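Beneath this line is the structure, given in structure tokens, with notes to follow.
Everything numeric here is computed off the predicted structure, so don't read it as measured data.
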Amino acid sequence: MTARDAPAHARVLARRGAWTCAITLIAFALGGSLILKIFGITIGAFKIAGGVLIGLNALDMVQARAASQRETPIETAEGIQKDDIGIMPLGVPMLAGPGAFDRHVLASGEIDRRDGDVSSRSC
């Protein structure tokens with residue numbers, strides 16, 4: 001994504017992506033339980049949904065199938081012209097994607113249930 005950029009600019013984009021990822025995951029860790037409560041989703045249901053999502057992604061990787069979504073020439077041209085990729089798509093969803101969101105929300109749920117005692121399996 002940064003092959004056409006100068007090394008200094010690529011470092012800036014990488015730093016911006018890392019900060020975006022960190023802020024997004026911290027927000028999900030802190031507010032994840034609240035989001036689940038608002039929508040009436042239990043931790044158990046969220047674990048199942050997250051497991052299915054991660055399992056399907058792993059199955060696609062193992063089978064090495066071509067992606068079902070295709071990029072149009074217009075989308076490719078827009079990606080080349082885009083100056084700042086640090087936030088989108090590098091920070092979210094590449095670094096902080098659905099699996100990371102799931103893990104952080106579940107980890108925050110473990111903290112809530114254990115009154116602040118974080119177990120090693122929830123990290």
Least distance between heavy atoms, Val105 atom then Gly32 atom: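 The answer is CG2-CA, 3.8 Å.
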Looking at every heavy atom in both Gly17 and Leu95, which two are closest together, and how far apart are they? O-CD1, 3.7 Å
Verify same cluster id: [X], [Y] (apolar side-chain graph, 4.5 Å):
| X | Y | value |
| --- | --- | --- |
| Phe28 | Ile43 | yes |
| Leu25 | Ile87 | no |
| Leu36 | Phe39 | yes |
| Phe101 | Ile41 | yes |
| Val92 | Trp19 | no |

Separation between CZ of Arg16 and NE2 of His9, rounded to the nearest 0.5 Å: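 Answer rounded to 0.5 Å: 7.5 Å.
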From CG (Asn57) to CG (Leu53), nearest 0.5 Å: 5.0 Å
Heavy-atom side-chain contact between Met94 and Cys21 under 4.5 Å: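 A side-chain contact under 4.5 Å is absent here.
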Side-chain touch Leu90/Thr20, heavy atoms, less than 4.5 angstrom: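 SC-SC contact between Leu90 and Thr20 ruled out.
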Could you go through Asp102 and Ile54, starting from their C-alpha distance and side-chain angles, then the distance that decides it, and tell me whether this counts as side-chain contact (heavy atoms from CB on, under 4.5 Å)? CA-CA 9 Å; Asp102 175 61; Ile54 292 171; 4.2 Å; yes
